[in-house]
Amino acid sequence: MAAENADSNKKYRVIIMGGGIAGISAAKHLVKNHMLDFIILEAKDKIGGRISSVEIDNVKFEIGANWIHGVLGNPMYEIAMSHGLINIIGCVKAHKVVAATEDGKQVPFSILQEIYEAYMCFLHRCEEYFLCQYLPPDGIQSVGEHMNLEIELYLNRIPNINERRIRRLLFQCLLKRECCISGCDSMDDIDLLELGSYTELQGGNIVLPSGYSSILAPVSQGIVKESILLNHKVTEVRWYGIDQSDKSDNVNSSADVSDNESNDSDKTVINIGENCEKNVTDSIFTNYVYENENENENGVEVQCENGIKFTADCVICTLPLGVLKENISKIFLPPLPEYKVESIERLLFGTVDKIFLYYDRPFLNSDVSEILLLWESDHDATSKTDNDLNNCWYKKIYSFSKVSETLLLGWLSGKEAIFMESLPNQVVADTCTNILRKFLNDPFVPKPKFTYCTRWHSDQEIRGAYTAIGVGSSQVDIEYVAQPLYSKKKPNKPVLLFAGEHTHKNFYSTVHGAYLSGRTAAQQFLDAADKESEIVLECDDTNDLSSWIQGISLE
């Protein structure tokens, strides 16, 4: 779905940068409120962003989002339910996990259950620091440091060396799994005081039988194809029409709140320049207004890589955090305020990749759904070169799980995932075959018919997986990234709005967080455009009262 020709001479009310779930959600909310004067500029040849699938030999692979995380109050679940994408009648097959060591021996299930319960207890204790607002032990800043402290105290109570070793291997495996869940290289990267800031919706992880990408059709329903421009990568945003000849020295050299044309006490005028300072009120929801003498009435100008320019009153930027971290100094002119740039730099945007192994025939016991890999010699990739990683990258794969009887899925994150992206699929396939033969103690494990590896870090339009709050960052950084930016001549109307999973302080890293953030950004524009306009809540896509409540209570 895309427009073939774009009217670059027209000035739009809104330009949406990015056709991922946040951009589609923003567009749909505008449509529902009868605001049709917008376009979506998408760099790729399809919408969806990190909701993506590929089909090889009639086999569909969900290479991006995998699950709907939670049921109660989750708009993605409600949309999926209302469009028949979830099979509520089908029986859920029991999830049987086995853990094996490198010599092919299985760990007794009682030990696996013991360590998993202890691990989850330690993890919940980490979450309590945010929820209960108390301080951790001295010198402990990260989740990894706290978890390892708890693990060592637990293992020291076990006198038998071999029993202690097996339990340590299980803890190490679960920490690698947590790195994939959090989207980081190591749990030492995740801020301990902020782990509990993520809100987990009740109901577990839901898999759509037809794949997560099947939700894109109902989500984008109602957006006309002329409003979506594919293969339009944005390279520059001039966000208040400053002349080409203007430099930072043309901008006011001092901030004067009294010069602000708005009487709103929660707005602040900020300088632009190398020594940019911000004067903020006590509220973290302060609106930032930029002052420039040369500002004109042309609005925001957006330049695409294909040479086409567009103008609009407002831009909703839904570019992934990875793209912002890498290109923020190149895209926005003038530069975004220092507080926003610093917050973008502090937040983490790690790499998580999938390895799909497809076989001609089943070979695993039909009762087994996942094999945990307990590597004897763990490794630290912090200071390793590519040469070193070549001999150990695969040890970051913590398990292989069944997608179907003939399709296995392995996960890995961080530096090892980035290194894996540089390898040919056949090398990855051979390595994984050797791993399975070793841990299953079966030299006849077949080679896969074909292998597919995701490469999210190498994707220039994504540059990673999803957002995490690293050591030294906080929820406030997410809120600062989400802050709208206003021009001086129209201080009540935003010129730059921000959406995406990295802008939702409670649901960062999730599809539903991105979806809600897009709706919030669109509503911010609508509120500014006409405060007396009727607001339409998105209840027609759902059969559940919780959606109506969600529309009121969540940003």
Quiz item: So does Asp185 pair up with Lys415, basic N to acidic O under 4.0 Å?
Solution: yes
**Prompt:** Are the side chain of Thr318 and the backbone N or O of Met17 linked by a donor-acceptor pair below 3.5 Å?
**Reply:** yes
Does any donor atom in the side chain of Tyr119 or Glu178 lie under 3.5 Å from an acceptor atom in the other side chain?
yes
Review point. Taking Ser517 for the side chain and Gly500 for the main chain, is one N or O donor matched with an acceptor at less than 3.5 Å?
Key: yes
> Are side-chain heavy atoms of Leu30 and Phe525 found at a separation under 4.5 Å?
Replying inline: yes
**Asked** Is there a donor-acceptor contact under 3.5 Å linking the side chains of Asn74 and Glu78?
**Response** no
Practice prompt. Taking Thr454 for its side chain and Trp456 for its backbone only, find out whether a donor-acceptor pair lies under 3.5 Å.
Written response: no
May I ask you to decide whether Glu102 forms a salt bridge with Lys438, counting only side-chain N to carboxylate O separations under 4.0 Å? yes
- [ ] For His504 and Asn506, indicate whether the former's side chain and the latter's backbone hold a donor-acceptor pair under 3.5 Å.
- [x] yes
Please tell me if the side chains of Phe363 and Val445 come closer than 4.5 Å, counting only heavy atoms from C-beta onward. yes
| message | Please evaluate residues Lys354 and Trp411 with respect to the criterion side-chain contact (heavy atoms from CB on, under 4.5 Å), reporting the C-alpha separation (whole Å), side-chain torsions for both, the decisive distance (0.1 Å), and the verdict. | response | CA-CA 5 Å; Lys354 300 178 184 180; Trp411 298 76; 3.4 Å; yes
Only one of Lys176, Lys395, Lys396 passes salt bridge (charged side-chain N to carboxylate O under 4.0 Å, His left out) with Glu416, and that residue is Lys396
- Item | Residue pair Leu229 / Glu42, side-chain heavy-atom distance below 4.5 Å | no
Report yes or no: is the cationic atom of Lys10 (NZ for Lys, CZ for Arg) closer than 6.0 Å to the six-membered ring centre of Phe310, at no more than 45° off its axis? no
For side-chain contact (heavy atoms from CB on, under 4.5 Å), just list the numbers for Ile24 and Leu216, CA-CA rounded to whole Å, side-chain angles, deciding distance to a tenth of an Å, and then say yes or no. CA-CA 9 Å; Ile24 296 299; Leu216 291 175; 5.8 Å; no
dist Ile206:CD1 -> Leu201:CG (nearest 0.5 Å) comes out at 11.0 Å
* Between Lys60 and Ser213, is any side-chain donor less than 3.5 angstrom from a side-chain acceptor? -> yes
Look at Lys44 together with Glu461 and state whether they make a salt bridge at an N to O cut-off of under 4.0 Å.
-> no
* Asked: Is the gap between the ring centers of Phe507 and His512 under 6.0 Å?
  -> yes
| request: Measure the shortest side-chain to side-chain distance between Ile215 and Val511 over non-hydrogen atoms and say whether it is less than 4.5 angstrom. | output: no
Would you say the side chain of Ile16 lies within less than 4.5 Å of the side chain of Phe38, judging by non-hydrogen atoms?
yes
**Message:** So that I know where these two stand, are Trp375 and Phe439 an aromatic pair - ring centroids less than 6.0 Å apart?
**Reply:** yes
Going through the checks in order, is the side chain to side chain donor-acceptor pair (under 3.5 Å) test met by Tyr508 and Ser197? CA-CA 9 Å; Tyr508 52 88; Ser197 64; 2.8 Å; yes
### Task
Assess whether side chain to side chain donor-acceptor pair (under 3.5 Å) is satisfied between Thr451 and Asn425, documenting all intermediate values.
CA-CA 6 Å; Thr451 301; Asn425 281 356; over 6 Å; no
Output for pair (Ile328 CD1, Leu321 CG), nearest 0.5 Å, gives 9.0 Å
Within the structure provided, determine whether Leu408 and Val403 are in side-chain contact (heavy-atom separation under 4.5 Å). no
* **Glu421/Arg455 ion pair, N-O < 4.0 Å** => no
When rounded to the nearest 0.5 Å, the distance separating NZ of Lys96 from CD1 of Ile371 is 11.5 Å
### Query
Please walk me through it: do Arg346 and Ser343 pass side-chain contact (heavy atoms from CB on, under 4.5 Å)?
CA-CA 5 Å; Arg346 277 192 294 266; Ser343 290; 3.5 Å; yes
Are a donor atom and an acceptor atom from the side chains of His29 and Gln523 found within less than 3.5 Å of each other? yes
Rounding to 0.5 Å, atoms CG (Leu374) and CG (Leu170) come to a distance of 5.0 Å
dist Ile51:CD1 -> Ser214:OG (nearest 0.5 Å) comes out at 9.5 Å
From the list Thr467, Asp477, Ile478, side chain to side chain contact (heavy atoms under 4.5 Å, CB included) partner of His502 resolves to Thr467
d(Glu326 CD, Ile331 CD1) to nearest 0.5 Å is 9.5 Å
Would you say that Glu55 contacts Val59 through its side chain, given a criterion of any heavy-atom pair below 4.5 Å between the two side chains? no
Will you find, in the side chains of Thr235 and Gln303, an N or O donor that is under 3.5 Å from an N or O acceptor?
no
**Item:** Thr510/Glu501 under side chain to side chain donor-acceptor pair (under 3.5 Å): CA gap, chis, key distance, verdict
**Value:** CA-CA 6 Å; Thr510 67; Glu501 50 86 16; over 6 Å; no
Taking the ring of Phe450 and the ring of Tyr358, is the distance between their centroids below 6.0 Å?
yes
Verdict with supporting geometry, Met35 and Arg13, side-chain contact (heavy atoms from CB on, under 4.5 Å)
CA-CA 9 Å; Met35 211 297 287; Arg13 297 287 303 283; 4.0 Å; yes
Step through the shown structure and confirm whether more than 12 heavy atoms of other residues, nucleotides or ligands are within 6.0 Å of OH on Tyr359.
yes
Any donor-acceptor pair under 3.5 Å from Lys447 side chain to Ala429 backbone
no
Between Ile308 and His232, is any pair of side-chain heavy atoms under 4.5 Å apart? yes
